[in-house]
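To start, the structure itself, in structure tokens.
Here is the naming used below: chain letters follow the sequence lines, and residue numbers restart at 1 for every chain. Since the model is a prediction, treat every value here as computed from it, not as a measurement.
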Protein chains: 2
Amino acid sequence: MGLRERKKEKTRLAILDAALDLFLEQGYESTTVEQIAGAVDISPRTFFRYFTSKDHLVLWFHDHGEEIMLETLDSRPEDEPAFTSLMHALRAVLHDVESSTPEETERFLKLRRLLDGQPRLVGLSVARGAETERHLVEAVAARRGVDPDEDQLSHLIVAFASCAMRVGFECPRRDATVPEISRRMAETIELAERSLRPGWDR
Amino acid sequence: MGLRERKKEKTRLAILDAALDLFLEQGYESTTVEQIAGAVDISPRTFFRYFTSKDHLVLWFHDHGEEIMLETLDSRPEDEPAFTSLMHALRAVLHDVESSTPEETERFLKLRRLLDGQPRLVGLSVARGAETERHLVEAVAARRGVDPDEDQLSHLIVAFASCAMRVGFECPRRDATVPEISRRMAETIELAERSLRPGWDR
DNA sequence: ATGACTTATGGCACACTGTGACAGAAAGGT
DNA sequence: ACCTTTCTGTCACAGTGTGCCATAAGTCAT
């Protein structure tokens, strides 16, 4: 990994950190790209080369999460019920958060604090989740050997799973620590599994 | 209802119709507010007095739907399980679409065609749905006599319900008629109810 | 009708996001 | 050192969305 790439990664994280701090300090809307760029000493134009939009900053976490979910899904046994596999994938994301560096953890918590009670941003996040769902539906349909366009159950399985994820992540309001979030998420997963009829996902 | 209000309503619908047609014709992104305003002979400034944003055009349906759902929820017996009530609320929305005027139906179908396969717009719609969910959670929590901040099950009930709604609405790709959509939605509702353990929503 | 009142509209200036194009700087390879 | 590739800043520009103010249209008296 050359100097170039290392520098880029450093810049990317610097932008992200500066932005999160500014957002938490003065609010998302009232922070401009110009301010963020100023804080890390780059031009606004360059900002848009690192993040395609201001919104993209808030969605940074999703890209990573989606990757982990798809990988985990791939590694689960073929004959495992799809919803169970998805819940494992969800736990894998959680585990990744738990085992990440302090810097990453802090970013994650800052983002959570930022989202908390800001419908506009939660909306963005949910919308991004819908995008992820499309990929998951394809993976699930492939596993079940059906056409994703025709099979409603594949859609429902993924939709229910991402509901559980969303409830688990959003529910714990106020400042929370990673262990607290983790516990809460585990509770939600259990609750979801208890709510569904055994074998519903075939 | 005075002349003023009638005129306003007429303008609002004229804007909506012109916008939907332009969107379907040349795409959402490449249609400007200026064009839409031009098509109905108002100034761009006035456009923003009818719709707070260009995106708002796409969300027009939600406002109505949310209203119906909350009303229906209110009219259901107190002791009915919450998820069942939500499914009834969903059927009420559907019924409203079925029994609306040809103009309204056409708008609905155009909107569906517009959303179809446009992640950006589906995202908007989903994000708006998250907003609705917050209101529904409050209503459901009130019915169940719990604090919405503490009770995960209330969140899960609403989340599952809105999943079912989303799957039902999105799933039928391609041009569809209202009866087809309706049938599909009924299927989804049944599927969702079959998937859940009886009494899970207490 | 005439006038007074309220509300809707248009026009203007403006801030902000996001993009294309180009020139110069930085890094990589030889 | 050189040349190539990639990154960066600057500039110009299109588009969305808002505040402000003057004017036009509607409402409601008398």
Side-chain angles (χ1 to χ4, degrees), chain A residues 1-16 18-23 25-60 63 114 118-121 123-125 127-128 131, chain B residues 1-16 18-23 25-60 63 114 118-121 123-125 127-128 131:
Chain A
M1 194 166 165
L3 168 63
R4 207 166 226 163
E5 286 185 60
R6 269 180 290 132
K7 214 173 163 182
K8 264 183 94 168
E9 205 48 32
K10 225 176 94 185
T11 307
R12 162 167 272 110
L13 292 176
I15 295 174
L16 190 55
L20 285 175
D21 287 338
L22 283 168
F23 290 162
E25 199 180 313
Q26 41 176 274
Y28 180 78
E29 304 291 351
S30 36
T31 301
T32 67
V33 170
E34 202 178 347
Q35 284 179 300
I36 301 168
V40 287
D41 230 41
I42 57 169
S43 75
R45 186 67 185 86
T46 298
F47 170 90
F48 286 108
R49 291 197 178 99
Y50 281 90
F51 295 91
T52 54
S53 71
K54 192 175 148 186
D55 292 348
H56 192 182
L57 284 164
V58 178
L59 302 176
W60 134 90
D63 295 333
L114 181 63
Q118 301 229 220
R120 167 77 171 54
L121 300 184
L124 277 184
S125 174
R128 181 66 180 73
E131 191 81 354
Chain B
M1 196 166 166
L3 168 63
R4 205 167 227 163
E5 286 184 62
R6 269 180 289 133
K7 214 174 163 181
K8 263 183 94 168
E9 206 47 32
K10 227 177 92 184
T11 308
R12 162 166 273 110
L13 292 177
I15 295 174
L16 191 54
L20 284 175
D21 287 338
L22 283 167
F23 290 161
E25 199 179 311
Q26 42 176 275
Y28 180 78
E29 304 290 350
S30 36
T31 302
T32 68
V33 169
E34 203 178 347
Q35 283 179 299
I36 300 168
V40 286
D41 230 40
I42 58 171
S43 73
R45 185 68 187 83
T46 299
F47 170 90
F48 286 108
R49 290 199 179 97
Y50 281 92
F51 295 91
T52 54
S53 71
K54 192 176 150 187
D55 292 347
H56 193 182
L57 285 165
V58 178
L59 302 176
W60 135 90
D63 295 335
L114 181 63
Q118 300 228 222
R120 167 77 172 54
L121 300 184
L124 277 185
S125 174
R128 181 67 179 72
E131 191 82 353

Separation of atom [atom1] in [X] from atom [atom2] in [N], rounded to whole Å:
| X | N | atom1 | atom2 | value |
| --- | --- | --- | --- | --- |
| B:Glu9 | D:dG26 | CD | P | 17 Å |
| A:Glu5 | D:dT6 | CD | C1' | 11 Å |
| B:Leu22 | D:dG15 | CG | C1' | 16 Å |
| B:Arg12 | C:dT9 | CZ | P | 10 Å |
| B:Phe23 | D:dG15 | CZ | P | 14 Å |
| B:Glu29 | C:dT17 | CD | P | 18 Å |
| A:Ile42 | C:dA26 | CD1 | P | 16 Å |
| B:Leu3 | C:dT7 | CG | P | 15 Å |

Exercise for review: Identify whether any heavy atom of A:Thr11 sits under 4.0 Å from a base atom; if not, whether one sits that close to sugar-phosphate; answer base, sugar-phosphate or nothing.
Suggested key: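 Here A:Thr11 touches no strand at all.
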
Review point. What does A:Thr31 touch in the nucleic acid at a heavy-atom separation under 4.0 angstrom: a base, only the sugar-phosphate, or nothing?
Key: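 A:Thr31: backbone/sugar contact only, no base atoms under 4.0 Å.
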
Practice item. With rounding to the nearest 0.5 Å, note down the distance linking CZ in B:Arg120 to OH in B:Tyr28. Key: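 Nearest 0.5 Å value for the CZ-OH distance: 5.5 Å.
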
Check your understanding: Is there a donor and acceptor pair closer than 3.5 Å between the side chain of B:Arg4 and the base of D:dT27?
Key ->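 Answer is no: no donor-acceptor pair is held.
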
**Study point:** Close side-chain approach of A:Tyr50 and A:Leu16, heavy atoms under 4.5 Å
**Key:** no

Exercise for review: Please identify each residue that fulfils side-chain contact (heavy atoms from CB on, under 4.5 Å) with A:Ala39, with sequence neighbours left out.
Suggested key: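 side-chain contact (heavy atoms from CB on, under 4.5 Å) list for A:Ala39, sorted by chain: A:Ala18, A:Leu22.
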
Looking only at heavy atoms, what is the nearest atom pair of [X] and [Y], with distance?
| X | Y | answer |
| --- | --- | --- |
| A:Leu57 | A:Ala19 | CD1-CB, 3.6 Å |
| A:Ser30 | A:Gln35 | O-OE1, 3.5 Å |
| A:Ala127 | B:Gly123 | CB-O, 3.4 Å |
| A:Leu114 | A:Gln118 | O-CG, 3.2 Å |

Check your understanding: Which residue lies toward the 5' end of DNA chain C, B:Lys8 or A:Gly2, if each is placed at its nearest nucleotide?
Key ->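 Its nucleotide being nearer the 5' end, the pick is B:Lys8.
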
Review point. If you find the nucleotide of DNA chain D closest to A:Ser43 and the one closest to B:Val33, which residue's nucleotide is nearer the 5' end?
Key: A:Ser43

Review point. Counting only side-chain N and O atoms of B:Lys7, is one of them less than 4.0 Å from OP1 or OP2 of D:dG26?
Key: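 Yes.
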
Revision key, fill the gap. So, with a heavy-atom separation below 4.0 Å from DNA chain C, the residues of residues 44-59 of chain A are A:Arg45, A:Phe48, A:Arg49, A:Thr52, A:Ser53, A:Lys54

Review point. Which nucleotide in the set C:dT17, C:dT6, D:dT16 lies at the smallest distance from any side-chain heavy atom of B:Thr32?
Key: D:dT16

